[in-house]
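Single-structure report; data block below.
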Amino acid sequence: MSESATWTRVNDGCFELDLLTASYRRHAFTRHSHATFAIGVVVRGEEQFHYRGELRRAGVGSLAILEPGEPHDGMATTAEGWAYRVLYPSEAMLLDGRSSRPSFREPIVHDARSVQLLRHAHEELTAGVDPLAAHSRLAWAFEAIVARHGSTGASRAPLRPSDAAAARKVAEIRDRLMADLRCAPSLRELAAGVELSPYHMLRVFRDATGFPPHAWLVLERVCRARHLLAAGHPPAEVGSAVGFADQAHLTRWFKRVTGVTPAAFRNSVQDPARRPA
């Protein structure tokens with residue numbers, strides 16, 4: 001395994017987040033600390049580091065959670081080295097909806113669901129694809145990590161809007177998502193529009209629709225694509241018209257939802273008189 005490291009900064013106007021994608025063999029971090037949290041997922045090998053007076057080891061599938069201002073180092077445990085993906089969320093990103101900053105007694109935890117969410121969010125953010133889906137997955141990951149492994153000095157007061165109020169907020173979110181299928185708003189923009197925290201907005205929307213906003217939007221894009229395809233529009237035009245990155249992106253999702261490709265669907269539902277010869 002060769003050594004490599006790439007930093008990525010995501011700044012969409014709603015929040016700023018640094019990400020690291022790296023693999024190391026001989027490199028050793030000197031003792032240092034961060035102004036933000038550092039939350040990492042080891043994807044190959046094993047890393048060890050000194051933290052709060054103890055030597056810790058993080059292997060494949062483990063989640064390392066380091067708090068702001070806590071000194072630590074970092075190095076490989078074997079000649080194989082290690083590879084990992086790290087996110088550096090600010091205190092504000094984890095504080096959302098809470099009266100005090102969450103703290104983590106154990107710096108290394110094993111939580112397959114959170115690891116999966118965090119890794120996928122990291123991959124999508126660094127690739128720069130489908131920001132709404134990546135932000136939603138990131139929000140769920142942070143919420144799960146804090147809820148399962150963190151503690152706060154004061155408990156969070158749950159927001160309990162009436163069913164009618166929740167329905168209005170969900171309708172507003174749907175309208176915002178449908179306003180332009182080609183340009184999805186960010187998670188924080190959606191939440192701000194209904195005066196809820198991102199995490200609470202996600203819960204309200206999912207309770208009402210069964211899906212987080214990004215998944216609901218993808219299904220709406222597929223639904224709109226079906227109408228356009230049935231009207232005779234070619235798949236190459238439909239993908240961009242409804243907000244998919246390209247025709248391959250449309251095809252992948254369309255087949256997942258309908259079981260057929262866009263071309264096959266178009267050929268099967270289009271009026272015979274309008275089919276190409």
Side-chain angles (χ1 to χ4, degrees), residues 6-12 14-22 34 36-44 47 58-68 83-98 100-152 156 158 184-192 196-207 209-218:
T6 303
W7 281 90
T8 304
R9 171 160 291 182
V10 177
N11 189 343
D12 63 359
C14 294
F15 71 86
E16 185 174 277
L17 177 67
D18 284 341
L19 307 99
L20 172 65
T21 306
H34 303 285
T36 64
F37 285 88
I39 304 178
V41 176
V42 176
V43 298
R44 188 167 63 248
E47 177 197 14
V60 174
S62 61
L63 194 66
I65 310 170
L66 310 186
E67 296 190 43
Y84 65 172
R85 290 177 172 267
V86 190
L87 301 95
Y88 299 88
S90 66
E91 181 177 319
M93 292 185 73
L94 295 191
L95 180 64
D96 192 12
R98 298 175 172 83
S100 62
R101 190 185 88 184
S103 61
F104 299 88
R105 186 174 63 87
E106 294 297 332
I108 298 176
V109 298
H110 299 277
D111 181 347
R113 178 57 176 160
S114 295
V115 165
Q116 182 184 46
L117 286 170
L118 202 70
R119 180 172 180 178
H120 286 175
H122 190 293
E123 292 171 348
E124 291 172 349
L125 287 168
T126 53
V129 297
D130 204 348
L132 179 60
H135 293 176
S136 298
R137 191 170 284 113
L138 186 65
W140 284 121
F142 286 160
E143 176 73 359
I145 290 167
V146 173
R148 298 179 189 182
H149 310 293
S151 61
T152 57
R156 176 174 49 173
S186 72
L187 190 68
R188 290 186 177 274
E189 287 172 335
L190 286 174
L196 295 175
S197 77
Y199 302 133
H200 188 217
M201 184 275 291
L202 281 168
R203 289 194 295 270
V204 169
F205 193 87
R206 189 174 66 172
D207 286 347
T209 69
F211 299 95
H214 75 274
W216 186 89
L217 179 59
V218 168

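Here the CG atom belonging to L94 is positioned 9.5 Å from the CD atom belonging to E67, to the nearest 0.5 angstrom. We find the CD-CG distance between E123 and L118 to be 10.0 Å, quoted to the nearest 0.5 Å. Atom CG in L19 sits 4.5 Å away from atom CG in L87 (nearest 0.5 Å). Between the OG1 atom of T6 and the CZ atom of R85 there is a distance of 9.5 Å, given to the nearest 0.5 Å.
Contact between F211 and W216 at its shortest, heavy atoms only, is CB-N, 3.9 Å. The minimum heavy-atom distance between A121 and A134, with the atom names listed, is CB-O, 3.8 Å. Here the closest heavy-atom approach between residue P89 and residue T36 is recorded as O-CB, 3.3 Å. Smallest separation of non-hydrogen atoms from A139 and Y199: O-CE2, 2.9 Å. Contact between W7 and D18 at its shortest, heavy atoms only, is CZ3-CB, 3.9 Å. Residues F37 and P102 come closest through the heavy atom pair CZ-O, 3.6 Å.
No option in T21, L20, V41, V43 other than L20 meets the side-chain contact (heavy atoms from CB on, under 4.5 Å) test with Y84. Residue L63 forms a side-chain contact (heavy atoms from CB on, under 4.5 Å) with just one option from I39, V42, I108, and that option is I39.
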Open item on the list: One pair to check against side chain to side chain contact (heavy atoms under 4.5 Å, CB included): E16 and V10. What are the steps and the verdict?
Closed with: CA-CA 6 Å; E16 185 174 277; V10 177; over 6 Å; no
Task: Pair R148-R113, side chain to side chain contact (heavy atoms under 4.5 Å, CB included): steps then yes or no - done: CA-CA 11 Å; R148 298 179 189 182; R113 178 57 176 160; 3.8 Å; yes
TODO: Evaluate the side chain to side chain contact (heavy atoms under 4.5 Å, CB included) criterion for residues R188 and H135: first the C-alpha distance (whole Å), next the side-chain angles of each, then the deciding distance (0.1 Å), finally the verdict.
DONE: CA-CA 9 Å; R188 290 186 177 274; H135 293 176; over 6 Å; no
- [ ] Would you please test L202 and S136 for side chain to side chain contact (heavy atoms under 4.5 Å, CB included) and show each step?
- [x] CA-CA 8 Å; L202 281 168; S136 298; 4.2 Å; yes
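A heavy-atom distance below 4.5 Å is not found between the side chains of L66 and F104. You'll find the side chain of P213 reaches within 4.5 Å of the side chain of M201, heavy atoms only. Side-chain contact between I145 and I65 is present, with heavy atoms from C-beta onward closer than 4.5 Å. A 4.5 Å side-chain heavy-atom check between L187 and H214 finds every atom pair outside the cut-off. Between H149 and R105 there is no side-chain heavy-atom pair separated by less than 4.5 Å.
Judged by distance alone, the side chains of S151 and S103 do bring a donor and an acceptor atom under 3.5 Å apart.
In this structure, S114 contributes its side chain and D111 its backbone to no donor-acceptor pair below 3.5 Å. Although no hydrogens or angles enter the test, the distance criterion places no donor-acceptor pair under 3.5 Å between the side chain of E47 and the main chain of G59. A donor-acceptor contact shorter than 3.5 Å links the side chain of E189 to the backbone of S186. Of the possible donor and acceptor atoms, none in the side chain of H122 sits under 3.5 Å from a partner among the backbone N and O of L117.
A cation-pi arrangement is absent between R203 and W140 under the rule of less than 6.0 angstrom and at most 45 degrees off the ring axis.
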